[in-house]
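This one's a predicted model, so the numbers in the text were calculated from it and none came from an experiment. The sequence lines fix the lettering, A, B, ..., with proteins before strands; numbering per chain opens at 1.
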Amino acid sequence: MTIASDLLAWYDANARALPWRAPPGSALADPYRVWLSEIMLQQTTVAAVKPYFAAFTRRWPDVLALAAADEAELMAAWAGLGYYARARNLVACARAVATEHGGRFPDTEEGLRKLPGIGAYTAAAIAAIAFGRRAVVVDANVERVTARLSALETPLPAGKPMLHAFADSITPDERSGDFAQAMMDLGSTICTVRRPACLACPIAGACKGRDEAERYPLKAPKPVRPERRGSIFWLECDGDVLLCRRPPKGLLGGMAALPTGPWLPKDPGLADAPIETDWLLAGTVRHVFTHFALEASIYRATLPHVTLANDGGQSWFWAPITRIEQSGLPTLFAKAAAIARSMQ
DNA sequence: GACACGTGGTG
DNA sequence: TCACCAAGTGT
């Protein structure tokens, strides 16, 4: 038997039931749901995605509904899931599908690959899973499984092309979507990062790395994560708090946020405070991003009735404090808001 | 190729 | 506690 046939047999008996998957033995899954889930699952765990997928599909049941969505509402619905460029690209992609493709997703890798937010992995996954095309689907799970199967001694990312070629060599012509999902299920339940369960693996017989699976894949060492210091401002007025909209690109781009100062190696104090007033230090919040860690002071002040004019580049607005959880703040600011409110 | 880009779970 | 890492993409 081949690796593919052994793995597919295992998958037929052990596939995880996931909300975006078609029931076993049924027709192909809905391309919209496959696309939405694949975007949400980029660098994100199944457990984290599930509630967001349920909320999005209830609120926007198809790609035309999503294309018509208010962008700020969609960003707020994405708040907490991270990598917010995905949400910006999600809208752009839905609108491209609606206006340039008649509301239907392209059914080839090449066509899918042109859409915003869809890269090599996602294009292959949608083509295979939603459209039944043969495609070589390589994500971190597949890289780990194939690195172990082939006992690849070349560290990643340099070894990626070899793993893609190996994945291509074992991908079947039929059911390549199921094969891809089987590889991912195997990677998340058996061929795990730590303590892989080789004794339970349906393809251990073909695995060159099975005696030392945890060694693979070899990876280049990661650079150290720098520390930055910052300030976050909580300005109250009449039961409202001052929020702003982050610039459209960059860190937390396009998201609602509390006003901040610059984030630098040294404590910036009250630099870039939205107004000059008697700020009180309400606490600190620590948050770790992908490429730096932030420790921010939270400054608090209350205003009498005033209006705050927008000035260059800033886009401020007031939000009711009692419904701050519905403002769509990313996690850093949700944590800061909780700390600021706890000081009242 | 390298870096920017979030978050929460895990051992 | 903390480093690692997850169904990657864009620049």
How are the rings of A:W78 and A:F56 set relative to one another: parallel (under 30°), tilted (30 to 60°) or perpendicular (over 60°)? perpendicular
Positional range of nucleotides in DNA chain C within the contact set of chain A, heavy-atom, under 4.0 Å: C:dC5 to C:dG10
Select base, sugar-phosphate, or nothing to describe what A:G187 touches, counting heavy atoms under 4.0 Å on all strands. nothing
Report yes if some heavy atom in the side chain of A:F53 is under 4.5 Å from a heavy atom in the side chain of A:V46; otherwise report no. no
Need one value for A:V288: base, sugar-phosphate or nothing, where a base atom within 4.0 Å counts as base even if backbone is also close, heavy atoms only. base
If you measure from the P atom in B:dG6 to the same atom in C:dT11, how many Å do you get, rounded? 14 Å
Rounded to the nearest Å, what distance is computed from the CG atom of residue A:N89 to the C1' atom of nucleotide B:dC5? 12 Å
Are any of A:Y83's side-chain N or O atoms less than 4.0 Å away from OP1 or OP2 of B:dA4? no
Rounded to whole Å, the CZ-P distance (A:R88 to B:dA4) equals 16 Å
Is any side-chain heavy atom of A:M183 less than 4.5 Å from a side-chain heavy atom of A:N141? no
I want to check something: taking the side chain as every heavy atom from C-beta on, are A:L218 and A:Y216 in contact at a cut-off of under 4.5 Å? yes
Going by the angle between their ring planes, with limits at 30° and 60°, are A:W35 and A:F105 parallel, tilted or perpendicular? tilted
Select from A:R225 and A:N141 the residue whose nearest nucleotide in DNA chain C is closer to the 5' end of that strand. A:R225
Under 30°, 30 to 60°, or over 60°: which ring-plane class applies to A:F289 and A:H287, parallel, tilted or perpendicular? perpendicular
So what does A:R144 hit on the nucleic acid, given a heavy-atom distance under 4.0 Å: a base, only sugar-phosphate, or nothing? sugar-phosphate
A:H291 side chain near B:dC5 phosphate (N/O to OP1/OP2, under 4.0 Å): yes
Looking for any heavy atom pair under 4.0 Å, which part of the strands does A:L18 touch: base, sugar-phosphate only, or nothing? base
Hey, is the main chain of A:I118 close enough, under 3.5 Å, to the side chain of A:R113 for a donor-acceptor pair? yes
B:dC3 to C:dC4 separation - P atoms, rounded to the nearest Å: 16 Å
Are the side chains of A:R246 and A:T260 in contact, using a 4.5 Å heavy-atom criterion? yes
Just to confirm, is there a sub-4.0 Å distance from OP1 or OP2 of B:dT7 to any side-chain nitrogen or oxygen of A:T331? yes
Suppose you measure atom C1' in C:dG8 against the same atom in B:dG1; what distance do you get, rounded to whole Å? 16 Å
Taking 4.0 Å as the cut-off, does a side-chain nitrogen or oxygen of A:H287 come that near to OP1 or OP2 on B:dT7? yes
Taking the C1' atom in each of C:dA7 and B:dA2, what is the distance between them to the nearest angstrom? 23 Å
Rounded off to whole Å, could you give me the CH2-to-C1' distance for the A:W78 and B:dC5 pair? 13 Å
Using a 4.0 Å heavy-atom cut-off, does A:P157 contact any base of the nucleic acid, only the sugar-phosphate backbone, or nothing at all? nothing
Provide, to the nearest angstrom, the distance between the NZ atom belonging to A:K335 and the P atom belonging to B:dG6. 14 Å
Do A:K219 and A:P155 make a side-chain contact, defined as non-hydrogen atoms from C-beta onward lying under 4.5 Å apart? no
Check whether any side-chain N or O of A:D185 sits under 3.5 Å from a backbone N or O of A:R16 as a donor-acceptor pair, and report yes or no. yes
Would you say the side chain of A:D272 lies within less than 4.5 Å of the side chain of A:S231, judging by non-hydrogen atoms? no
Which residues within residues 35-61 of chain A lie with some heavy atom under 4.0 Å of an atom in DNA chain B? A:Q43, A:T44
Taking any heavy-atom pair under 4.0 Å as a contact, classify A:G250: base, sugar-phosphate, or nothing. sugar-phosphate
In whole angstroms, the gap separating C1' of B:dA4 from NZ of A:K249 amounts to 13 Å
Taking atom OH of A:Y32 and atom CH2 of A:W60, what is their separation to the nearest 0.5 Å? 8.0 Å
Rounded to whole Å, please give me the gap between CZ in A:R86 and C1' in B:dA4. 14 Å
Integer-rounded Å distance: B:dG11 P and A:R195 CZ: 9 Å
Using modelled atom types and a 3.5 Å cut-off, is there a donor and acceptor pairing between side-chain atoms of A:R245 and backbone atoms of A:W316? no
Close approaches to DNA chain B from residues 113-133 of chain A, in residue order (heavy atom, under 4.0 Å): none
